[in-house]
Enquirer: 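Below you will find the structure I want to go over with you.
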Amino acid sequence: MSRIRWFKFAAPAHFHALTGTLLPWLWAAALAFTATGLYVGFVIAPPDYQQGDSYRIMWLHVPAAWMAMLAYFLMAGYGLIHLVWRIKLARIMASALAPTGLLFAFLALWSGALWGKPTWGAYWVWDARLTSSLILLFLYLGYLALDSAFEDRERSGQAASLLAVVGVINLPIIYFSVQWWNTLHQGASITLSEAPTMSASMLAALLLTTVGCWAYTAAAALHRARSMVLEQAGNSHWVRRLRQGHRPAAARGRPARLAATPIGDLLGRRP
(Lines give C-alpha, C1' and ligand atoms only; values in the text may rest on other atoms or scores of the structure.)
Protein backbone atom coordinates (compact mmCIF):
# COMPACT_ATOMS: atom_id res chain seq x y z
CA MET A 1 0.00 0.00 0.00
CA SER A 2 1.39 3.36 -1.00
CA ARG A 3 2.14 5.78 1.80
CA ILE A 4 1.02 9.39 1.68
CA ARG A 5 4.08 11.62 1.99
CA TRP A 6 2.66 14.21 4.38
CA PHE A 7 6.19 15.54 4.81
CA LYS A 8 6.10 17.13 1.37
CA PHE A 9 3.29 19.50 2.37
CA ALA A 10 5.76 21.43 4.55
CA ALA A 11 7.26 22.75 1.30
CA PRO A 12 5.71 26.16 0.42
CA ALA A 13 4.74 25.13 -3.12
CA HIS A 14 2.95 21.98 -1.98
CA PHE A 15 1.39 23.81 0.97
CA HIS A 16 0.00 26.42 -1.40
CA ALA A 17 -1.47 23.75 -3.66
CA LEU A 18 -2.95 21.73 -0.78
CA THR A 19 -4.60 24.74 0.86
CA GLY A 20 -6.04 25.78 -2.50
CA THR A 21 -7.87 22.45 -2.55
CA LEU A 22 -8.95 22.51 1.11
CA LEU A 23 -10.14 26.09 1.45
CA PRO A 24 -13.44 25.88 -0.52
CA TRP A 25 -14.46 22.83 1.54
CA LEU A 26 -13.55 24.51 4.81
CA TRP A 27 -15.44 27.71 3.98
CA ALA A 28 -18.48 25.66 2.95
CA ALA A 29 -18.28 23.58 6.14
CA ALA A 30 -18.01 26.73 8.26
CA LEU A 31 -21.12 28.21 6.67
CA ALA A 32 -23.17 25.00 6.71
CA PHE A 33 -22.39 23.91 10.29
CA THR A 34 -22.77 27.41 11.74
CA ALA A 35 -26.08 28.07 9.97
CA THR A 36 -27.46 24.66 10.97
CA GLY A 37 -26.29 25.07 14.55
CA LEU A 38 -27.88 28.51 14.87
CA TYR A 39 -31.14 27.19 13.40
CA VAL A 40 -31.24 24.32 15.89
CA GLY A 41 -30.23 26.63 18.72
CA PHE A 42 -32.70 29.44 18.06
CA VAL A 43 -35.65 27.55 16.53
CA ILE A 44 -35.64 24.01 17.89
CA ALA A 45 -33.92 24.18 21.30
CA PRO A 46 -36.30 25.05 24.17
CA PRO A 47 -35.79 27.96 26.60
CA ASP A 48 -33.75 27.20 29.70
CA TYR A 49 -35.86 26.64 32.80
CA GLN A 50 -33.78 29.17 34.78
CA GLN A 51 -32.28 31.61 32.27
CA GLY A 52 -35.06 31.72 29.71
CA ASP A 53 -33.73 32.74 26.28
CA SER A 54 -30.64 34.59 27.49
CA TYR A 55 -28.70 31.33 27.58
CA ARG A 56 -28.81 31.16 23.75
CA ILE A 57 -25.78 33.41 23.56
CA MET A 58 -24.00 30.18 24.46
CA TRP A 59 -24.03 29.23 20.75
CA LEU A 60 -21.51 32.04 20.21
CA HIS A 61 -19.85 32.34 23.60
CA VAL A 62 -18.80 28.74 24.24
CA PRO A 63 -17.42 27.94 20.74
CA ALA A 64 -15.59 31.29 20.73
CA ALA A 65 -13.98 30.52 24.11
CA TRP A 66 -12.97 27.03 22.95
CA MET A 67 -11.56 28.29 19.66
CA ALA A 68 -9.59 31.06 21.39
CA MET A 69 -7.84 28.45 23.55
CA LEU A 70 -7.39 25.93 20.72
CA ALA A 71 -5.95 28.56 18.37
CA TYR A 72 -3.50 29.67 21.04
CA PHE A 73 -2.46 26.07 21.73
CA LEU A 74 -1.78 25.53 18.03
CA MET A 75 0.00 28.88 17.78
CA ALA A 76 2.27 27.92 20.67
CA GLY A 77 2.96 24.54 19.05
CA TYR A 78 3.95 26.16 15.77
CA GLY A 79 5.99 28.70 17.72
CA LEU A 80 7.90 25.91 19.46
CA ILE A 81 8.59 24.22 16.11
CA HIS A 82 9.85 27.51 14.74
CA LEU A 83 12.14 28.11 17.73
CA VAL A 84 13.63 24.60 17.67
CA TRP A 85 13.84 23.79 13.96
CA ARG A 86 13.60 27.30 12.40
CA ILE A 87 10.93 26.18 9.96
CA LYS A 88 9.48 29.23 8.24
CA LEU A 89 6.15 27.60 7.52
CA ALA A 90 5.64 27.02 11.27
CA ARG A 91 6.17 30.72 11.90
CA ILE A 92 3.72 31.55 9.11
CA MET A 93 1.07 29.25 10.58
CA ALA A 94 1.53 30.76 14.04
CA SER A 95 1.19 34.27 12.61
CA ALA A 96 -1.83 33.25 10.57
CA LEU A 97 -3.64 31.81 13.60
CA ALA A 98 -3.11 34.84 15.85
CA PRO A 99 -5.72 37.26 14.34
CA THR A 100 -8.43 34.59 14.35
CA GLY A 101 -7.56 33.60 17.92
CA LEU A 102 -7.71 37.24 18.96
CA LEU A 103 -11.12 37.60 17.31
CA PHE A 104 -12.52 34.61 19.19
CA ALA A 105 -10.97 35.74 22.49
CA PHE A 106 -12.70 39.10 22.06
CA LEU A 107 -16.02 37.48 21.08
CA ALA A 108 -15.87 35.20 24.13
CA LEU A 109 -15.35 38.13 26.50
CA TRP A 110 -17.88 40.36 24.76
CA SER A 111 -20.63 37.72 24.62
CA GLY A 112 -19.84 36.71 28.19
CA ALA A 113 -20.35 40.31 29.30
CA LEU A 114 -23.72 40.47 27.51
CA TRP A 115 -24.76 37.27 29.27
CA GLY A 116 -23.37 38.36 32.62
CA LYS A 117 -25.47 41.53 32.91
CA PRO A 118 -28.90 39.81 33.08
CA THR A 119 -27.52 36.75 34.90
CA TRP A 120 -24.98 38.12 37.39
CA GLY A 121 -26.14 41.73 37.38
CA ALA A 122 -22.82 43.03 36.02
CA TYR A 123 -21.04 43.09 32.68
CA TRP A 124 -17.73 42.25 34.31
CA VAL A 125 -16.46 40.77 37.57
CA TRP A 126 -12.87 39.86 38.43
CA ASP A 127 -13.72 36.20 38.34
CA ALA A 128 -10.82 33.75 37.88
CA ARG A 129 -12.15 32.43 34.54
CA LEU A 130 -12.82 35.92 33.18
CA THR A 131 -9.48 37.30 34.36
CA SER A 132 -7.46 34.45 32.84
CA SER A 133 -9.47 34.81 29.60
CA LEU A 134 -8.64 38.52 29.55
CA ILE A 135 -4.95 37.59 29.93
CA LEU A 136 -5.36 35.34 26.88
CA LEU A 137 -6.61 38.35 24.90
CA PHE A 138 -3.54 40.35 26.01
CA LEU A 139 -1.27 37.45 25.02
CA TYR A 140 -2.71 37.54 21.50
CA LEU A 141 -2.19 41.31 21.34
CA GLY A 142 1.37 40.90 22.61
CA TYR A 143 2.09 38.20 20.04
CA LEU A 144 0.83 40.34 17.16
CA ALA A 145 2.80 43.35 18.42
CA LEU A 146 6.04 41.35 18.69
CA ASP A 147 5.43 39.66 15.35
CA SER A 148 5.71 43.03 13.62
CA ALA A 149 8.04 44.78 16.07
CA PHE A 150 11.34 44.39 14.18
CA GLU A 151 12.36 44.92 10.58
CA ASP A 152 14.16 41.57 10.78
CA ARG A 153 11.27 39.17 10.21
CA GLU A 154 13.12 36.24 11.75
CA ARG A 155 13.91 38.19 14.91
CA SER A 156 10.27 39.24 15.26
CA GLY A 157 9.17 35.68 14.71
CA GLN A 158 11.47 34.34 17.42
CA ALA A 159 10.32 36.92 19.97
CA ALA A 160 6.65 36.28 19.18
CA SER A 161 7.15 32.51 19.25
CA LEU A 162 8.83 32.71 22.65
CA LEU A 163 5.89 34.68 24.04
CA ALA A 164 3.44 32.15 22.58
CA VAL A 165 5.30 29.21 24.16
CA VAL A 166 5.58 30.87 27.58
CA GLY A 167 1.97 32.06 27.49
CA VAL A 168 0.58 28.57 26.93
CA ILE A 169 0.72 28.08 30.70
CA ASN A 170 -2.38 30.32 30.85
CA LEU A 171 -4.52 27.71 29.07
CA PRO A 172 -4.77 25.17 31.93
CA ILE A 173 -5.36 28.10 34.28
CA ILE A 174 -8.37 29.13 32.18
CA TYR A 175 -9.70 25.58 31.97
CA PHE A 176 -9.26 24.59 35.63
CA SER A 177 -9.94 28.02 37.15
CA VAL A 178 -13.52 27.06 38.05
CA GLN A 179 -12.14 24.09 40.01
CA TRP A 180 -9.06 25.65 41.60
CA TRP A 181 -10.73 28.80 42.94
CA ASN A 182 -14.09 29.74 44.42
CA THR A 183 -15.19 31.31 41.17
CA LEU A 184 -18.48 32.89 40.13
CA HIS A 185 -18.28 31.23 36.72
CA GLN A 186 -20.16 27.95 36.44
CA GLY A 187 -18.38 24.69 35.63
CA ALA A 188 -18.36 22.86 32.31
CA SER A 189 -21.68 21.51 31.03
CA ILE A 190 -19.89 18.92 28.88
CA THR A 191 -17.21 16.56 30.19
CA LEU A 192 -15.79 13.28 28.98
CA SER A 193 -16.65 11.50 32.25
CA GLU A 194 -20.26 12.61 32.78
CA ALA A 195 -23.45 12.90 30.74
CA PRO A 196 -24.28 16.42 29.43
CA THR A 197 -26.48 18.52 31.68
CA MET A 198 -28.44 19.96 28.74
CA SER A 199 -31.10 18.69 26.36
CA ALA A 200 -30.21 16.88 23.14
CA SER A 201 -31.20 19.83 20.94
CA MET A 202 -29.09 22.23 23.03
CA LEU A 203 -26.12 19.89 22.82
CA ALA A 204 -26.59 19.44 19.05
CA ALA A 205 -26.68 23.22 18.52
CA LEU A 206 -23.54 23.68 20.60
CA LEU A 207 -21.61 20.95 18.78
CA LEU A 208 -22.71 22.17 15.33
CA THR A 209 -21.69 25.77 15.98
CA THR A 210 -18.41 24.53 17.47
CA VAL A 211 -17.61 22.55 14.33
CA GLY A 212 -18.56 25.61 12.28
CA CYS A 213 -16.18 27.80 14.27
CA TRP A 214 -13.46 25.18 13.97
CA ALA A 215 -13.88 25.11 10.17
CA TYR A 216 -13.85 28.92 10.07
CA THR A 217 -10.65 29.01 12.16
CA ALA A 218 -8.95 26.53 9.84
CA ALA A 219 -10.14 28.33 6.69
CA ALA A 220 -9.20 31.81 7.89
CA ALA A 221 -5.76 30.71 9.13
CA LEU A 222 -4.95 28.72 5.98
CA HIS A 223 -6.18 31.53 3.74
CA ARG A 224 -3.93 33.99 5.59
CA ALA A 225 -0.99 31.56 5.60
CA ARG A 226 -1.41 30.96 1.87
CA SER A 227 -1.09 34.67 1.19
CA MET A 228 1.96 34.93 3.45
CA VAL A 229 3.64 31.99 1.70
CA LEU A 230 3.16 33.69 -1.65
CA GLU A 231 4.48 36.98 -0.28
CA GLN A 232 7.58 35.43 1.27
CA ALA A 233 8.28 33.12 -1.65
CA GLY A 234 8.75 36.32 -3.67
CA ASN A 235 10.05 35.64 -7.15
CA SER A 236 10.84 31.96 -6.70
CA HIS A 237 10.53 29.57 -9.62
CA TRP A 238 7.19 28.04 -8.54
CA VAL A 239 5.64 31.46 -7.87
CA ARG A 240 6.73 32.69 -11.31
CA ARG A 241 5.17 29.61 -12.88
CA LEU A 242 2.02 30.19 -10.85
CA ARG A 243 1.79 33.77 -12.11
CA GLN A 244 2.16 32.46 -15.66
CA GLY A 245 -0.90 30.28 -15.15
CA HIS A 246 0.81 26.94 -14.44
CA ARG A 247 -0.69 24.79 -11.73
CA PRO A 248 1.75 23.27 -9.17
CA ALA A 249 2.50 19.56 -9.58
CA ALA A 250 0.83 18.76 -6.27
CA ALA A 251 -2.40 20.37 -7.46
CA ARG A 252 -2.41 18.15 -10.55
CA GLY A 253 -1.99 15.02 -8.42
CA ARG A 254 1.47 14.20 -9.76
CA PRO A 255 4.16 13.00 -7.34
CA ALA A 256 6.68 15.69 -6.41
CA ARG A 257 10.40 15.19 -7.10
CA LEU A 258 11.44 15.35 -3.48
CA ALA A 259 14.67 13.43 -3.92
CA ALA A 260 16.16 16.27 -5.95
CA THR A 261 14.97 18.97 -3.53
CA PRO A 262 17.44 20.23 -0.88
CA ILE A 263 15.99 19.57 2.56
CA GLY A 264 16.37 23.23 3.57
CA ASP A 265 14.30 24.36 0.58
CA LEU A 266 11.77 21.62 1.17
CA LEU A 267 10.99 22.73 4.71
CA GLY A 268 11.53 26.42 4.10
CA ARG A 269 14.17 26.46 6.84
CA ARG A 270 16.52 29.31 7.35
CA PRO A 271 20.24 28.47 7.55
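FYI, the numbering just counts along the sequence from 1. Since the model is a prediction, treat every value here as computed from it, not as a measurement.
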Enquirer: About how many Å separate CG of Leu114 and CG of Leu109, when rounded to the nearest 0.5 Å?
Expert: 11.0 Å

Enquirer: Determine, stepwise, if the pair Tyr72 / Phe104 fulfils side chain to side chain contact (heavy atoms under 4.5 Å, CB included).
Expert: CA-CA 10 Å; Tyr72 193 91; Phe104 279 121; over 6 Å; no

Enquirer: Restricting to pairs with a member in residues 139-151, which pass side chain to side chain donor-acceptor pair (under 3.5 Å), not counting sequence neighbours?
Expert: Arg91-Asp147, Ser95-Asp147

Enquirer: Begin from the C-alpha positions of Leu206 and Trp59 and carry the test side chain to side chain contact (heavy atoms under 4.5 Å, CB included) through to its verdict.
Expert: CA-CA 6 Å; Leu206 181 59; Trp59 317 137; 4.1 Å; yes

Enquirer: Are Tyr39 and Leu31 connected, step by step, through hydrophobic side chains (Ile, Leu, Val, Met, Phe, Trp, Tyr) whose heavy atoms are closer than 4.5 Å?
Expert: no

Enquirer: Any chance you could measure Leu146, atom CG, to Ser156, atom OG, to the nearest 0.5 Å?
Expert: 7.5 Å

Enquirer: Assess whether side chain to side chain contact (heavy atoms under 4.5 Å, CB included) is satisfied between Thr217 and Leu97, documenting all intermediate values.
Expert: CA-CA 8 Å; Thr217 301; Leu97 280 163; 4.3 Å; yes

Enquirer: Strictly by salt bridge (charged side-chain N to carboxylate O under 4.0 Å, His left out), give each pair with a member in residues 28-54 just once, sequence neighbours left out.
Expert: Asp53-Arg56

Enquirer: Under 4.5 Å between any side-chain heavy atoms of Leu222 and Met93, yes or no?
Expert: yes

Enquirer: Please tell me whether Leu141 and Leu130 are part of a single hydrophobic cluster in this structure, the criterion being side-chain heavy atoms less than 4.5 Å apart.
Expert: yes

Enquirer: Are more than 12 heavy atoms from other residues, nucleotides or ligands located less than 6.0 Å from atom OH of Tyr123?
Expert: no

Enquirer: Met67 versus Leu107: any side-chain heavy-atom pair under 4.5 Å?
Expert: no

Enquirer: Starting at OG1 of Thr19, measure out to CG of Leu26 and round the result to the nearest 0.5 Å.
Expert: 10.0 Å

Enquirer: Under a 4.5 Å cut-off applied to non-hydrogen side-chain atoms, are Tyr216 and Leu103 in contact?
Expert: yes

Enquirer: Of all heavy-atom pairs between His82 and Gln158, which one has the smallest distance, and what is that distance?
Expert: CE1-N, 3.8 Å

Enquirer: What is the minimum heavy-atom distance between Ser111 and Leu60, and which atoms define it?
Expert: CB-CD2, 4.2 Å

Enquirer: May I ask whether Tyr49 and Met198 are part of the same hydrophobic cluster, defined by side-chain heavy atoms of I, L, V, M, F, W, Y residues being less than 4.5 angstrom apart, directly or through others?
Expert: no

Enquirer: Can you name the closest pair of heavy atoms from Val165 and Ala76 and give their distance?
Expert: CG2-O, 3.7 Å

Enquirer: After noting the C-alpha distance and the side-chain angles of Leu89 and Phe15, does the key distance pass the side chain to side chain contact (heavy atoms under 4.5 Å, CB included) rule?
Expert: CA-CA 9 Å; Leu89 188 57; Phe15 174 83; 3.9 Å; yes

Enquirer: Should Ile44 and Leu207 be regarded as members of a common hydrophobic cluster, given that ILVMFWY residues are connected when their side-chain heavy atoms come within less than 4.5 Å of each other, either directly or indirectly?
Expert: no

Enquirer: Heavy-atom count check: over 12 atoms from other residues, nucleotides or ligands less than 6.0 Å from Trp25 CH2?
Expert: no

Enquirer: Looking at every non-hydrogen atom in both residues, tell me the closest pair between Ala94 and Met75 and how far apart they are.
Expert: O-CG, 3.4 Å

Enquirer: Which residue in the set Tyr55, Trp120, Trp110, Trp124 passes ring-ring contact (aromatic ring centres under 6.0 Å, His included) when paired with Trp115?
Expert: Trp120

Enquirer: Shortest non-hydrogen contact from His61 to Ala108?
Expert: ND1-O, 2.9 Å

Enquirer: Do you know which two heavy atoms are closest between Ile173 and Ser132, and how far apart they sit?
Expert: CG2-CB, 4.1 Å

Enquirer: Inspect the surroundings of CZ in Phe150 and state if more than 12 heavy atoms from other residues, nucleotides or ligands are less than 6.0 Å away.
Expert: yes

Enquirer: Is there a path of hydrophobic side-chain contacts, each under 4.5 Å between heavy atoms of I/L/V/M/F/W/Y residues, joining Leu38 to Leu208?
Expert: no

